[in-house]
Amino acid sequence: MSDIIEEILMAATKSRIFKNRDILRPDYIPDTLPHRENEIRKLAQILAPILREERPNNVFIYGLTGTGKTAVTLFVLKHIDKKTKELNISFQYSYINCRQSDTPYRILSELASSLGIRVPFTGLATSEVYKRIIRALELKKRLLLIVLDEIDFIIKKHGDDLLYKLVRINDVLKNSKVSLIGITNDVNFVERLDPRIRSSLGEEEIIFSPYNALQLEDILRQRAREAFHDNVLGEGVIELCAAIAAREHGDARRALDLLRVAGELAEREGARRVTIEHVYKARDELERDRVQEVVHTLPLHSKLVLLAILALVKEGKITTTGEVYNTYIKICKSVRIETVTQRRVSDIINELDMLGLVNAKVVSRGRYGKTKIISINLKPDILYDALSRDPRLEPIINNIRG
DNA sequence: CTTCCACAGGAACCAGCGGACC
DNA sequence: GGTCCGCTGGTTCCTGTGGAAG
């Protein structure tokens, strides 16, 4: 009797679909990275001086999202770290994602804590944290490698002061040596950089090109072998995930997400196999989640502007800044919310564009002025759903959708 | 060739907040 | 408990501009 129960419970804890789901997670670093052999070799060559206790050149890495920049970097560093431990070299690396730590202060405080210095979340002057880092580096001789992932984020928001300081840090240090790896997925970003920083940071450069559909298939197959049980992937599933991701700039992370979520959907349904339909559903769900999350964290006026855009785009296909502003004013008046200036709305539209919720492009229409053409290519329902989670907006949404 | 629209977007600055320090 | 600091989400004032119309 208890055997039967045991059996059922065991079956419930064991997935029919996944052998090991974690392998499909974006932060998982596999033992091999297919189609990135050249990049691995190049980066390893650049960083090899570490093993002779010399400072390696600074490296600049570009490539679109999901092209394996972070994975390759961490992969190589993991190996070097192991090797330096064997050789008893005082080497250390610090990985900082500038999107998550998006102010100079947060970056420095993360750097500090990776060096074992405790700093408060806020309250100190940025320069004070910098001083403490210097002090720690002078205390003990070491080789430090700082990885700044998505480095374009701080530059765009806070200029290049911090970067300049970090690039020049070796001039101040007597004991320790510091190298930098900058990773960015914005290719144009380099051109806007101060030439002094550019030449210093770009002592070495590595460019990651996007994966094509076939390479993505390889990557997915390799991971799928370990992640899924045998024969659970239906025909064409991998190919479809690869194709969808390839269309979106060869983003491997997208492809892996699609595959994972498709698997999860199949499992939740109790299906025995993952089918193409699951992949399509996964695509919708991922988009929904992304929009939901982004919209949720938007300030009130950004939501109101988004709503104004939505209301206008419903009727036509595109709209302009002026129209959006007028509609926004109307919406605000109807619920007695104070309005912000057009200047701010213009910025908000840019922010919404950056977040991928709307498309905004500046165009000149000659006699009819220069403006932003704004459109949406998400399904309006997804946006309305996300917005209606804010109780303040509900009456307005009901009004618009009528 | 000039004009002129409808904004873009830079610069400087502000209030209010929360947290750490002394 | 006052002080200092950074961040957010604004403001005001401003100069700049692509290209159709005249």
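Any value given below was found using the heavy atoms of this structure, including those in side chains, with hydrogens, waters and symmetry copies removed. Throughout, a chain's letter reflects where its sequence line sits, starting with A, and its residues are numbered from 1. From a predicted model like this one, the values you see are computed outputs, not experimental measurements.
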Nearest-nucleotide pick for A:Arg367, side chain only, options being C:dG9, C:dG6, B:dT3: B:dT3
message: The side chain of A:Gln342 is closest to which nucleotide in this list: B:dA8, B:dC7, C:dA21?
response: B:dC7
Protein-nucleotide distance (A:Arg132, atom CZ; C:dC5, atom P), rounded to Å: 13 Å
task: Using the six-membered ring of A:Phe228, assess whether NZ or CZ of A:Arg273 lies under 6.0 Å from its centre and within 45 degrees of the ring axis.
output: no
message: If you only use heavy atoms from C-beta on, which nucleotide in B:dC7, C:dC7, B:dG9 is closest to the side chain of A:Thr371?
response: B:dC7
field: Nearest atoms (heavy-atom pairs only) where A:Pro30 meets A:Leu33
entry: CG-CD2, 3.7 Å
query: Does A:Lys372 place a side-chain N or O at less than 4.0 Å from the phosphate oxygens OP1/OP2 of B:dG9?
result: yes
message: What's the closest nucleotide to the side chain of A:Tyr368 if the choices are B:dC7, B:dA8, C:dA21?
response: C:dA21
task: Run the salt-bridge test on A:Arg25 and A:Asp27 with the 4.0 Å N-O cut-off and return the result as yes or no.
output: no
query: Does A:Asn350 place a side-chain N or O at less than 4.0 Å from the phosphate oxygens OP1/OP2 of B:dA8?
result: no
- prompt: Rounded to whole angstrom units, what separation is found between the CD1 atom of A:Ile349 and the C1' atom of B:dA6?
  reply: 13 Å
- prompt: Counting just side-chain N and O atoms, does A:Arg365 come under 4.0 Å of either OP1 or OP2 of C:dA20?
  reply: no
query: Could you give the CD1-to-P distance, from A:Ile348 to C:dG9, as a whole number of Å?
result: 10 Å
- request: Take atom NZ of A:Lys361 and atom P of B:dC7, then tell me their distance rounded to the nearest Å.
  value: 17 Å
message: Among C:dG6, C:dG18, B:dG9, which nucleotide has an atom closest to any side-chain atom of A:Lys370?
response: C:dG18
- prompt: Using 4.0 Å as the upper bound for N to carboxylate O, is an ion pair formed by A:Arg168 and A:Asp171?
  reply: yes
field: Shortest side-chain distance from A:Arg343, nucleotide among C:dT12, C:dG10, C:dT8
entry: C:dT12
query: Does the side chain of A:Thr371 come under 3.5 Å of the side chain of A:Thr320 through a donor N or O and an acceptor N or O?
result: no
- request: For C:dT11, take OP1 and OP2 only and decide whether either is under 4.0 Å from a side-chain N or O of A:Thr341.
  value: yes
query: Within this structure, what is the CD1-to-C1' distance between A:Ile373 and C:dG19, rounded to whole angstrom?
result: 14 Å
query: Separation of A:Leu304 atom CG from C:dG10 atom P, in whole Å?
result: 10 Å
- request: Examine B:dC7: is either OP1 or OP2 under 4.0 Å from a nitrogen or oxygen in the side chain of A:Thr321? Give yes or no.
  value: no
- request: Using atom CD of A:Glu351 as one end and atom P of B:dG9 as the other, report the distance to the nearest whole Å.
  value: 13 Å
- request: Could you check how far CZ of A:Arg344 sits from C1' of B:dA12, rounded to whole Å?
  value: 16 Å
task: With heavy atoms under 4.0 Å as the rule, sort A:Ser302 into base, sugar-phosphate or nothing.
output: nothing
